[in-house]
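Encoded as structure tokens, the structure appears first; notes follow it.
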Amino acid sequence: MSRLVVVSNRVSMPTERGARAGGLAVALAEAMTPGSLWFGWSGKRGATASDQAAVTTHGGLTYATLDLSESDYRRFYVGFSNGSLWPLLHYRTGLLDFKRDDYEGYLAVNDLFADRLVPLLRPDDTIWIHDYQLLTMADALRRRGVKNRIGFFLHIPFVPPAVLHVLPSAAVLVRALAAADLVGFQTHGDRMNFLESVASCMDVRPDANHGFTHNGHRTETIVAPIGIDADGFARTARRAAGMAETKRLIESLVGRALAIGVDRLDYTKGLPQRFDAFGQLLHRHPEHLRRISLLQIAARSREDVDRYQSLRRELDRKAGDINGAYSDFDWTPLRYMTRTVNRNTIAGFYRLARIALVTPLRDGMNLVAKEFIAAQNANDPGVLVLSRFAGAAEELTEALIVNPYDADAVADAMHAALVMPLEERVARHAALLTKVQRTTAASFCRDFLARLKAIEINA
Ligand code: ADP
Ligand code: F6P
């Protein structure tokens with residue numbers, strides 16, 4: 001049987017302490033099967049990059065990681081990946097901070113990943129590369145003579161050609177992606193945007209099966225939404241009822257309703273807009289004054305990128321404004337924390353919440369939405385308020401779907417959630433749970449890999 005080699009910028013080592021925030025690491029950790037190899041960045045920076053990957057085994061999995069140099073980190077990770085690609089692919093062209101030198105650093109690190117992976121490869125390995133940090137790695141492997149099956153999955157959105165071409169090097173990236181045998185997306189819209197970009201950058205039209213052939217190489221595409229281990233997460237949430245943190249949270253609420261937000265502290269997550277919407281709820285629906293608290297857990301992320309630092313300052317100020325305007329001596333409406341919280345604890349918090357606010361301005365999928373649904377008590381569930389711009393909204397249509405740019409509409413949805421009859425909450429939750437149980441982390445991997453392995457390659 002062919003071995004699975006997963007490549008991603010972040011590798012979630014089982015020995016790491018504490019929680020890792022981020023959908024990719026969470027989903028892949030749940031889906032790796034024994035015997036697989038997971039290859040990527042160690043998360044460490046040295047004077048120079050590693051000249052070979054450090055290999056360890058744990059629980060039947062092999063991990064191979066490499067350090068990056070400080071300059072690689074600045075140009076590849078801070079610069080091009082998170083200063084150009086991240087805003088671009090989330091439709092935020094105004095935030096693009098393109099520098100030619102960063103772009104060259106990005107290509108060099110993709111080449112470095114390929115150089116360090118090649119010695120570890122076996123001829124029948126199936127290679128699965130993940131996410132926007134590694135758009136050119138399949139091509140880098142091909143240039144080194146790798147003939148294995150290569151799949152690529154993009155965890156974040158893909159934009160239409162008119163947006164894509166804002167990035168000077170867009171056509172190079174699209175052509176490099178076509179070196180994979182299978183390219184996967186979270187939603188149908190993302191795949192359509194990619195195929196339109198292929199037509200625009202490579203002058204190649206897709207066929208009826210959403211694949212295309214260029215210079216004798218065929219690239220297929222697939223829509224494979226990522227999910228979670230819903231049943232496992234539900235068990236974690238039920239068990240969390242007995243945890244000290246859960247009890248402390250219940251005590252602190254003194255019977256008030258809990259609204260919850262759990263996100264990386266990222267400008268795509270719509271946090272300032274969410275705070276504004278919460279302020280609007282208190283302003284426009286004063287019956288909820290003193291009756292609700294919003295707990296926003298925002299894990300600090302990418303702190304070396306300027307825009308993330310300014311976002312943090314903006315949120316500090318907004319949180320202060322809301323609490324200054326509405327707090328009472330024994331009630332703080334907004335509880336705002338900027339750190340990661342243990343996954344088990346979060347599961348228990350979701351289960352206590354009457355509302356989850358998942359209101360990104362743009363998101364590839366959003367696993368928090370799925371975790372919240374899985375964690376609920378089916379007999380008395382909370383209500384999901386979900387942005388129409390999250391990939392999850394394509395499937396989770398029984399949530400209260402909102403436009404996160406419209407603070408009044410989000411406030412009204414929160415109000416609707418707070419007054420929603422039990423019967424309606426139960427019906428919406430049951431429909432959502434069925435979907436979250438159907439599209440799991442395991443089914444995501446199974447569907448993608450089945451399709452990849454079915455592709456004929458000319459080795
Ligand atoms: P992204 O991949 O953009 O970070 P997702 O919603 O898809 O967004 O995935 C986020 C994952 O990280 C979820 O599993 C969520 O529980 C976890 N997470 C997010 N914020 C925190 C936090 N503050 N503490 C711990 N885990 C977090
Ligand atoms: O898909 C979103 C993503 O970039 C993942 O690749 C990553 O695990 C997560 O966000 C966290 O970001 P970072 O790896 O930059 O800390």
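All ligand and atom numbering here is 1-based and tracks the order in the structure. Predicted model, so just to flag it, every value in this text is computed and none were measured.
- Residue Q309 qualifies as enclosed at atom CD: its count of foreign heavy atoms under 6.0 Å is above 12.
- For ligand 1, the atoms sitting less than 4.0 Å from at least one non-hydrogen atom of N366 are 6 (O), 7 (O), numbered in the order shown with element in parentheses.
- Judged by distance alone, the side chains of N323 and T332 never bring a donor and an acceptor atom under 3.5 Å apart.
- Every atom of ligand 1 with a heavy atom of Y350 under 4.0 Å away is listed here by number and element: 16 (O).
- Geometrically, ligand 1 and I346 share no nitrogen or oxygen pair separated by less than 3.5 Å.
- By the criterion of a heavy-atom distance under 4.0 Å, the side chain of R302, and not its backbone, is placed next to ligand 2.
- Interface of H155 with ligand 2, defined as ligand atoms under 4.0 Å from a residue heavy atom, comprises 1 (O).
- Residues T268 and R362 bring no donor and acceptor atom of their side chains to less than 3.5 Å of each other.
- No donor-acceptor contact under 3.5 angstrom links the side chains of S71 and R74, judged on distance only.
- Not a single N or O atom of T340, backbone or side chain, sits closer than 3.5 Å to an N or O atom of ligand 1.
- Heavy-atom proximity to E371, at under 4.0 Å, picks out these atoms of ligand 1: 13 (C), 14 (O), 15 (C), 16 (O).
- Listed by number with element, the atoms of ligand 1 under 4.0 angstrom from any heavy atom of R343 are 14 (O), 16 (O).
- Shown in contact with Y77 at under 4.0 Å from a heavy atom are these atoms of ligand 2, numbered in order with element: 13 (P), 15 (O), 16 (O).
- Nearest to atom 23 (N) of ligand 1 by heavy-atom distance, out of M337, K370, Q296, R339, is R339.
- A heavy-atom distance below 4.5 Å is found between the side chains of V385 and L357.
- Evaluated by nearest non-hydrogen atom to atom 20 (N) of ligand 1, the leading choice among D266, D263, I297 is D263.
- Between the side chains of Y308 and N82, no donor N or O sits under 3.5 Å from an acceptor N or O.
- The side-chain tip of R307 does not point at the ring of W86 from less than 6.0 angstrom away and within 45° of straight on.
- The shortest N or O to N or O distance between D131 and ligand 2 is below 3.5 Å.
- Of all atoms in ligand 2, numbered sequentially from 1 with element shown, those under 4.0 Å from a heavy atom of R10 are 13 (P), 14 (O), 16 (O).
- Residue-ligand proximity, A299 to ligand 1, at heavy-atom distances under 4.0 Å covers atoms 22 (C), 23 (N).
- For ligand 1 and V262, the ligand atoms under 4.0 Å from any heavy atom of the residue are 19 (C), 20 (N), 21 (C).
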Apply the test salt bridge (charged side-chain N to carboxylate O under 4.0 Å, His left out) to residues D321 and R317: give CA-CA distance (whole Å), side-chain angles for both, the deciding distance (0.1 Å), then the verdict.
-> CA-CA 6 Å; D321 287 349; R317 190 175 45 75; 3.8 Å; yes
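- In summary, the atoms of ligand 2 found under 4.0 Å from a heavy atom of R264, numbered by their order in the structure, are 9 (C), 10 (O), 11 (C).
- Using cut-offs of 30° and 60° on the angle between ring planes, the pair F153 and H130 is tilted.
- At least one N/O-N/O distance between K269 and ligand 1 falls below 3.5 Å.
- Heavy-atom contacts from other residues, nucleotides or ligands closer than 6.0 Å to NZ of K44 number 12 or fewer.
- Neither the backbone nor the side chain of T268 comes within 4.0 Å of ligand 1, counting heavy atoms alone.
- In the vicinity of V368, heavy-atom distances shorter than 4.0 Å reach the ligand 1 atoms 6 (O), 15 (C).
- At least one N or O atom of V341 sits closer than 3.5 Å to an N or O atom of ligand 1.
- Which parts of ligand 2 touch Q133 is read off a 4.0 Å heavy-atom cut-off, strictly below it: atoms 4 (O), 6 (O).
- Taking a cut-off of under 4.0 Å to the non-hydrogen atoms of Y132, the atoms of ligand 2 that pass are 4 (O).
- Ring-centre distance between F389 and Y91: not below the 6.0 Å cut-off.
- Less than 4.0 angstrom separates some heavy atom of R264 from each of these atoms of ligand 1: 1 (P), 3 (O), 4 (O), 20 (N).
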